[in-house]
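Worksheet for the structure shown next.
Model, not experiment: these values are computed from the prediction.
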Amino acid sequence: MVILTLFRIVIHSRPRVNFEFVKMEKTPARFIWHYVKIFKWSFLLIGFLVVVRQITEAIGPWYLAKIYETVSAAPEGGMPWQQLYVYAVMLAGMLVAESAMFIIARFMPKMRTMVIKDTFEDVNRQSISFFSREMTGNISGKVQLLSNNTIELTGFSHEIFYMVSNLLVKTVVLSWISWYYTVLMAFWTAAIVLISRKLGKTRRQLGIETGRQTSAANGTIVDALANYSEIKSFANFNFEKINLLKTLRQLRRAESKERFVMGIIRMIQQTVTVCSGVGFLFFSIYMLKKDIIDVTDFIYANTLFMTVSHLAFSLSWSYNNVSRIFGNLTSALETLAIDPEIVDAPKARNLKIRKAGIRFENVTFGYDARDPLFKNLSLEIAPQEKVGLVGLSGSGKSTFVKLISRYYDVSDGSIKINGFNIRSVTQNSLHKNISVIPQDVCLFNRTLMENIRYGDTAAGEKKVIAAAKKACADNFIRSFSDGYQTKVGDRGVILSGGERQRIAIARAILKNAPILIFDEATSALDSQSERHIQKSLSNLMKGKTVLAIAHRLSTLREMDRILVFDKGRIIESGSHEELLAKKGLYFKLYNMQADGFVRG
């Protein structure tokens, strides 16, 4: 009944899905223990079944001796049928024990998917700076390394538990033959443990380095594949190949060193196993000559120790594999299990607004704290005001809008939306109230319908098509044979730059956030396309607070105010006409683009 109850619990149980953020553990042991607790019933049942198997295996040799005794004492032709019945019991016990494989087949895939899901959630909570430091391929490789090695470690744990329990059972049997064996096995086990720990430490350190080099190689490959068009346009395939070979050379050295040490470890283990067997043999001979044990005990004990010594060798080898896995996990967690730089306040509230006023209060910020870009910057943008941001490259325009989205935290001062410090609201609710149309549009390798719907994942097909029409995207979408169901390829490769930008605009129209940020939103459009889309942009901007970064001054015609940035300072502010009259930096930029405005 107990076994059946445990089976029902394991087979029908489903781990609770926790939608709250669970901080990723930073050490391999704590990381693994987190998932062991989730699947505790599965592990307990597997452990119980392993013990059942050890008991059935221990019964076999003893009953074999009983059968031999019965056959020797029985009259000619007699058969020990009663003793043979025990083999049926042993078979049943072993079959029950082997059912552990069915349990593993059920919970292992669950554990893998849970590890990947949790890691994906944790990585996506990282700040923009995290993705600026790490290559996408490296991050992806570490996620895969983490999930694969977690499952591999679980499998080795099952093997180790089996071997440890087997070792304990046979050690007890040897102790039952003679207490001398108890003392001998204690010293021998201690020596094996010390040797294995020493060798495992070396293997673990090498495993960490191999894991790092593997991730670096994966990152280099993904980085090259993601920029294949640049490689082709610059005819730099050989350069990239040499760059990859440099990374692979480091991986080869690390892996060769690890495998070389693995070979030495195996030789050491084999030597210890053989020497242990010889030592046990001589010790047993001594005990036999002293009449401490008889011939039957001598044969039985040495047979058991041969099994135990090989088992200990396998156990120590598994321990070294576990050390390798811990090294890989350590390497992965060093990259992935770091605290996000931008986190929600403990009692952060959701930001719910219809009209958005933005206020900078004595804001100081710099990517390098020793050299701040903004110093005591104060500025107020009224609700529904349309503000253009102009300046030379590196003047602070993009940083200004990134601070509003809280991609970075200010060093001093505060940024408020409708009086709420953006640090006091959740990042998710903040981002829901901001639509960004970037210069370099990112599209998923999904259908056009799915990419536009990303602005509002609950939107129906009619709303998506309506948004596409407002963005002047409907015509070119319908020119594809599959229409809205056309897959755009990696990063939207089948679309032109202008088409990708119109998809981004359609996405923003669908999102309908009160704050709009245009980062060169029409830079990839030709003059004709821009003329068509200006009306759509005007409709989109109605009733919203708008910040538009522009080098092409044609996009600033409808702005209420234009801010001119220079080295982190706002040096000019006013309407288009007012700034021209000042004959400052804006006047110079305008003269360089005298014909820049699109005329209706």
Side-chain angles (χ1 to χ4, degrees), residues 15 17-39 107-157 204 206-227 244 247-248 250-251 254-255 258 321-343 407 427-428 442-446 454 490-491:
V17 178
N18 187 4
F19 290 98
E20 295 182 359
F21 172 58
V22 179
K23 187 177 180 181
M24 182 184 289
E25 298 291 351
K26 297 185 178 181
T27 63
R30 289 181 176 273
F31 181 82
I32 295 298
W33 180 244
H34 171 72
Y35 295 99
V36 169
K37 289 188 294 184
I38 294 174
F39 295 96
F107 90 87
M108 279 267 200
K110 287 184 179 179
M111 179 181 285
R112 180 189 294 277
T113 55
M114 187 170 288
V115 170
I116 295 173
K117 177 186 72 69
D118 291 348
T119 308
F120 177 79
E121 289 179 356
D122 197 86
V123 168
N124 276 275
R125 286 185 174 87
Q126 292 295 338
S127 311
I128 291 294
S129 57
F130 172 80
F131 296 96
S132 301
R133 293 192 305 267
E134 299 289 342
M135 289 191 296
T136 303
N138 186 36
I139 297 172
S140 175
K142 290 295 177 72
V143 172
Q144 187 175 7
L145 191 70
L146 199 62
S147 64
N148 289 345
N149 281 270
T150 299
I151 298 304
E152 192 177 356
L153 180 61
T154 305
F156 274 121
S157 300
R204 181 176 180 177
L206 293 173
I208 292 174
E209 181 60 24
T210 301
R212 286 174 181 163
Q213 297 302 331
T214 300
S215 296
N218 289 335
T220 302
I221 292 170
V222 173
D223 188 45
L225 293 176
N227 296 282
L244 175 61
T247 309
L248 292 177
Q250 297 296 324
L251 172 60
E255 190 173 354
E258 182 183 5
N321 277 322
V322 169
S323 296
R324 171 184 60 81
I325 292 170
F326 263 70
N328 290 337
L329 291 175
T330 300
S331 175
L333 291 172
E334 282 177 351
T335 299
L336 302 176
I338 62 174
D339 295 330
E341 294 180 10
I342 310 297
V343 295
Y407 289 159
Q427 295 176 71
N428 194 48
C442 295
L443 298 181
F444 296 95
N445 188 9
R446 301 170 191 171
Y454 210 73
D490 185 36
R491 300 195 300 175

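Rounding to the nearest 0.5 Å places CG of Leu153 at 9.0 Å from CE of Met111. A distance of 8.5 Å separates CZ of Phe31 from CG of Leu336, quoted to the nearest 0.5 Å. Between Gln213 atom CD and Thr247 atom OG1 the span is 8.0 Å, to the nearest 0.5 Å.
Glu255 and Thr210 share no side-chain donor-acceptor pair at under 3.5 Å.
Residues that satisfy the side chain to side chain donor-acceptor pair (under 3.5 Å) test with Gln250, not counting sequence neighbours, are absent from this structure. In this structure Tyr454 satisfies the side chain to side chain contact (heavy atoms under 4.5 Å, CB included) test together with Phe444, Arg446, Arg507, sequence neighbours excluded. Residues passing the side chain to side chain contact (heavy atoms under 4.5 Å, CB included) test with Ile342 are Ser127, Arg406, Asp409, Gln427, sequence neighbours excluded.
Contact of the Leu146 side chain with the Leu329 side chain is registered, since non-hydrogen atoms from C-beta on lie closer than 4.5 Å. Contact of the Val143 side chain with the Phe120 side chain is not registered, since no non-hydrogen atoms from C-beta on lie closer than 4.5 Å. With a 4.5 Å cut-off on side-chain heavy atoms, Lys142 and Ile139 do not count as touching.
Across Leu333 and Pro28, no two heavy atoms sit closer than the pair CD1-N, 3.6 Å. Here the closest non-hydrogen pair linking Asp118 and His34 is OD2-NE2, 4.3 Å. Across all non-hydrogen atoms, the minimal contact from Ser147 to Ile116 is CB-CG1, 3.6 Å.
Listed for the Asn149 side chain is a donor-acceptor partner under 3.5 Å among the backbone atoms of Leu145.
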For side chain to side chain contact (heavy atoms under 4.5 Å, CB included), just list the numbers for Met114 and Ile38, CA-CA rounded to whole Å, side-chain angles, deciding distance to a tenth of an Å, and then say yes or no. CA-CA 10 Å; Met114 187 170 288; Ile38 294 174; 3.6 Å; yes
Let me see the working for Asn328 and Glu152 under side chain to side chain contact (heavy atoms under 4.5 Å, CB included), right down to the final yes or no. CA-CA 11 Å; Asn328 290 337; Glu152 192 177 356; 5.8 Å; no
